[in-house]
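Only one structure is covered here, and it is reproduced in the block below.
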Number of protein chains: 2
Amino acid sequence: MIENKKILKKDTCPVSTALAIIGGKWSMLIIFSIGNEKRRFGELKRLIPTISEKMLIQELKKLTNTGILNRKAYKEIPPKVEYSLTKDGLKILPIIDQIKIFGTELIKNNSNL
Amino acid sequence: MIENKKILKKDTCPVSTALAIIGGKWSMLIIFSIGNEKRRFGELKRLIPTISEKMLIQELKKLTNTGILNRKAYKEIPPKVEYSLTKDGLKILPIIDQIKIFGTELIKNNSNL
DNA sequence: AGTATTACATACCTTTAGGTTATTACCTTA
DNA sequence: TAAGGTAATAACCTAAAGGTATGTAATACT
């Protein structure tokens, strides 16, 4: 095999790299929902009721693999897994704030949105 | 007809609204490439050689319709059209800066990216 | 008459993101 | 023994994003 592991495409542009991680439909909402807390899988499901389970774990896995989230699995039954933001992940919170402010202003200025 | 004009879906969340505009593959790159200048269509094509013409006009149209870009068409032949950032559009530049910084740090910390 | 220039349109196709539903592993407790 | 609770997986499908290729309008210049 030439290339085995599926990794995000090496991108020269740091903005594209960041967007590959936080640009999707759910990433920011998940990151925002975790914030400074530790959140269990089921807890996130309840916090974001419109997300499908598939997308939730898929995103959690991606964010974990890219160093945005910590994942702590307790050896218990029924399973218990806690997600929290890493040092890098915490850096996204102010970006989300900025985008939120921008979005709010945009809606105010543009009745079409 | 019930709903005629195609508009971006009314979204309760300002972050989603913002992402619908700047979350795609090309929007930020286009906005960044315009910056504080006036840029012609062909000029942008040259600045972003990897974008297809279709995506370029498509995005320029979307950004114009959502109040991010000004479009000034000169009545000349061959055509001449200049795009520039609106007041709202300019607000995206610092967001892009933030994301760029974040992406750069992320790449530094994560050799997988 | 023919060619070049420039912004844009249109038809068609491929790829990716995201959604739906069902299923599993494991232990505890009724 | 059966049911319940939790995190995760797999198969399958739809819709949307994006890419390729070609065409058009209008005029000036040769």
Side-chain angles (χ1 to χ4, degrees), chain A residues 3 6-11 13 15-30 33-34 38-66 69-84, chain B residues 3 6-9 11 13 15-17 19-30 33-34 38-66 69-84:
Chain A
E3 180 94 14
K6 221 183 244 177
I7 48 179
L8 298 173
K9 42 172 164 274
K10 254 187 233 308
D11 220 320
C13 172
V15 176
S16 303
T17 303
L19 284 183
I21 295 175
I22 61 170
K25 183 176 179 184
W26 298 111
S27 299
M28 290 201 193
L29 191 48
I30 292 170
S33 299
I34 295 176
K38 293 175 184 176
R39 297 280 190 207
R40 295 184 60 181
F41 179 83
E43 203 176 353
L44 289 168
K45 241 173 59 183
R46 268 176 280 116
L47 287 169
I48 313 171
T50 50
I51 197 174
S52 65
E53 276 200 13
K54 178 201 156 192
M55 287 311 294
L56 183 53
I57 24 141
Q58 186 174 303
E59 292 293 299
L60 289 172
K61 211 184 296 179
K62 183 176 82 182
L63 294 171
T64 303
N65 289 336
T66 50
L69 291 184
N70 294 123
R71 178 180 182 280
K72 175 164 188 184
Y74 294 82
K75 296 184 196 338
E76 297 176 7
I77 292 292
K80 174 178 176 183
V81 179
E82 281 177 349
Y83 293 92
S84 59
Chain B
E3 180 92 16
K6 221 184 245 177
I7 49 177
L8 299 174
K9 42 172 163 277
D11 220 320
C13 172
V15 176
S16 303
T17 304
L19 284 184
I21 296 175
I22 61 170
K25 183 176 178 183
W26 296 112
S27 299
M28 290 202 193
L29 191 49
I30 292 171
S33 299
I34 295 176
K38 293 175 184 173
R39 297 279 190 205
R40 295 184 59 180
F41 178 84
E43 202 176 354
L44 289 167
K45 242 174 58 185
R46 268 175 279 115
L47 287 170
I48 313 172
T50 50
I51 197 175
S52 65
E53 276 199 14
K54 178 200 157 194
M55 287 311 295
L56 184 51
I57 25 143
Q58 188 174 303
E59 291 293 298
L60 289 172
K61 212 184 295 178
K62 184 177 80 181
L63 294 171
T64 303
N65 288 337
T66 49
L69 292 184
N70 295 123
R71 178 179 183 281
K72 176 165 188 187
Y74 294 82
K75 298 185 195 335
E76 296 177 2
I77 292 292
K80 174 177 175 180
V81 179
E82 280 178 348
Y83 293 92
S84 59

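Throughout, a chain's letter reflects where its sequence line sits, starting with A, and its residues are numbered from 1.
- In this structure, the side chains of B/Lys72 and B/Val81 stay at 4.5 Å or more apart for every pair of heavy atoms.
- C/dG18 atom P lies 13 Å from atom CD1 of A/Ile48, rounded to whole Å.
- B/Glu76 has its CD atom 16 Å from the P atom of C/dT5, to the nearest Å.
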- Go through B/Met28 and A/Leu19 one step at a time and tell me if the side-chain contact (heavy atoms from CB on, under 4.5 Å) criterion holds. CA-CA 10 Å; B/Met28 290 202 193; A/Leu19 284 183; 3.9 Å; yes
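- With sequence neighbours excluded, the residues that form a side chain to side chain contact (heavy atoms under 4.5 Å, CB included) with A/Asn70 are A/Ser84, A/Thr86.
- B/Ile21 places its CD1 atom 13 Å from the P atom of D/dA17, with the value rounded to the nearest Å.
- If you take NZ of A/Lys75 and P of C/dC27, they are 13 Å apart, rounded to a whole angstrom.
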Protein-nucleotides 27-30 of chain D N/O pairs closer than 3.5 Å?
none

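- If you take CG of B/Leu56 and C1' of D/dG18, they are 13 Å apart, rounded to a whole angstrom.
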- Task: Quick one: do B/Arg40 and B/Lys80 satisfy side-chain contact (heavy atoms from CB on, under 4.5 Å)? Show the steps, please.
- Result: CA-CA 7 Å; B/Arg40 295 184 59 180; B/Lys80 174 177 175 180; 3.5 Å; yes
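- In terms of phosphate contacts, A/Lys25 brings no side-chain nitrogen or oxygen within less than 4.0 Å of OP1 or OP2 of D/dA16.
- At whole-Å resolution of the value, CD in B/Gln58 and P in C/dT10 are 12 Å apart.
- Remark: B/Glu53 CD to B/Phe41 CZ distance equals 4.5 Å, nearest 0.5 Å.
- Considering only heavy atoms from C-beta on, A/Trp26 stays 4.5 Å or farther from A/Leu60 through its side chain.
- Spacing between atom OH of B/Tyr74 and atom C1' of D/dA25 amounts to 21 Å, rounded to whole angstrom units.
- Note on A/Arg46 versus A/Glu43: no salt bridge recorded, every NZ/NE/NH1/NH2 to OD/OE distance being 4.0 Å or above.
- For B/Ile51 and D/dA17, the CD1 to C1' distance is 12 Å, given to the nearest whole Å.
- Using a 4.5 Å heavy-atom threshold, the side chains of A/Ile30 and A/Ile51 count as touching.
- Note that OH of B/Tyr83 is 14.5 Å distant from CZ of B/Arg39, once rounded to the nearest 0.5 Å.
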Hey, what are the protein-to-nucleotides 7-9 of chain C N/O distances that come in under 3.5 Å?
residue: C/dA7; atom: OP1; partner: B/Arg40; partner atom: NE; Å: 3.0
residue: C/dA7; atom: OP1; partner: B/Arg40; partner atom: NH2; Å: 3.0
residue: C/dA7; atom: OP2; partner: B/Gly42; partner atom: N; Å: 3.0
residue: C/dC8; atom: OP1; partner: B/Arg71; partner atom: NE; Å: 2.9
residue: C/dC8; atom: OP1; partner: B/Arg71; partner atom: NH2; Å: 2.1
residue: C/dC8; atom: OP1; partner: B/Tyr83; partner atom: OH; Å: 3.4
residue: C/dC8; atom: OP2; partner: B/Tyr83; partner atom: OH; Å: 2.8
residue: C/dC8; atom: N4; partner: B/Glu53; partner atom: OE1; Å: 2.6
residue: C/dA9; atom: OP2; partner: B/Lys61; partner atom: NZ; Å: 2.9

